[in-house]
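Since the structure is predicted, the reported quantities are computational estimates derived from the model, not experimental observations. All heavy atoms count here, side chains included; hydrogens, waters and symmetry mates do not.
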Amino acid sequence: ARSHPEFGPLLSVLSAEELDAQNRESRRCLHEATAGNWKGYEEHLRVQGVAYAKMGVSFAGWYDIARIVHARHVPRLVETYRRNPVRLTGALLAPQDFMDRALMVIGEEYLATKQNLVYEVQARNAAILESSLDAIVCMDASGRICEFNQAAEEMFGLPRAEVFGKPLADLLIPQRMREVYRDGLERYLRTGEAKVLGKRFEVTALRVDGAEFPVEVAIVPTASDAGILFTGFLRDISDRKRHEETRELWAHVFKQSDI
């Protein structure tokens, strides 16, 4: 296990005393299971399944260890029972049945824990989306909206259910700017070249009533199982622009007057 790419780093942070204690507990539970107390060993396996899932160890990693252990025992069994084929057959089949049962128990708990972790992450992400003061809009590589938080609904005047799965450009970008947007998306998907991703920039957006307004935007690309996604964080800067225009106007007035 120490040389395994997944288990090795985890075991390296444990002290010799901690490793020894874990090994003793595993041997104790295994001994009880072989003596007929499967329930206690099953509970031990379920604890392992939860631990592996939370640590990020793949189930295939644990199966690697199980195969190594099994491979080490086979030569010993062959040497011990080689003169008795019937006993040898039973000795070889019993550990395999035992291992299959153990893997099934660990797998059940591992998969259940992984699913719960996914639900927790989804719940946290949903809470972040809905509590954000900035509008958050996410689109897929085809340019279709796949996330639209409450702040975005308020900013654009569109309900999430109405925009989900529809082309972002058709709903949120003024028509005169859509071709530039589509060219930029196509260029990034083809070459990976981006001029604005990962930076804050200002652009004109479109409300449901056709009114245009200035927004500050930061777009972050992320990889997912469904392909690349683009998450935009938008802030309405209409008030800031009006204040800037007012300051510029008064500065011009003072400059032209004798005051």
Sidechain N-carboxylate O distance under 4.0 Å for K39, E43: no
Main-chain N/O of I136 paired with N149 side-chain donor or acceptor, under 3.5 Å: yes
Check: R235 side chain, E216 main-chain N or O, donor-acceptor pair, under 3.5 Å: no
Salt bridge R207-E212, side-chain N to carboxylate O under 4.0 Å: no
Hydrophobic cluster membership, L171 vs F213, 4.5 Å side-chain cutoff: yes
Single hit among L234, V217, V196 for side chain to side chain contact (heavy atoms under 4.5 Å, CB included) with V203: V217
Which atom of G165 lies closest to which atom of R144, heavy atoms considered: O-NH1, 3.0 Å
Smallest separation among heavy atoms of K241 and P214, with atom names: CG-CG, 3.8 Å
Single-linkage hydrophobic cluster, 4.5 Å side-chain cutoff, V137 and L229 together: no
Under-4.0 Å salt bridge between E202 and R240: yes
Joint cluster assignment, V220 & I228, ILVMFWY side-chain distance < 4.5 Å: no
Flag, side chain of R178 to backbone of I173, donor-acceptor distance under 3.5 Å: yes
Least distance between heavy atoms, A141 atom then L185 atom: O-CD2, 3.9 Å
Contact summary for Y181 and A169, nearest pair of heavy atoms: CE2-CB, 3.3 Å
Considering all heavy atoms, the nearest D140-S142 contact: OD1-OG, 2.6 Å
Aromatic ring pairing F148/F156, orientation class (parallel under 30°, perpendicular over 60°, tilted between): tilted
Electrostatic pair R46-E42, nearest N-O below 4.0 angstrom: yes
A218 to R200 - nearest heavy-atom pair and separation: CB-CG, 4.0 Å
Summary of salt bridge (Lys or Arg N to Asp or Glu O under 4.0 Å) pairs that have at least one residue in residues 153-163, sequence neighbours excluded: E147-R160
Salt bridge present between R190 and D183 (N-O < 4.0 angstrom): no
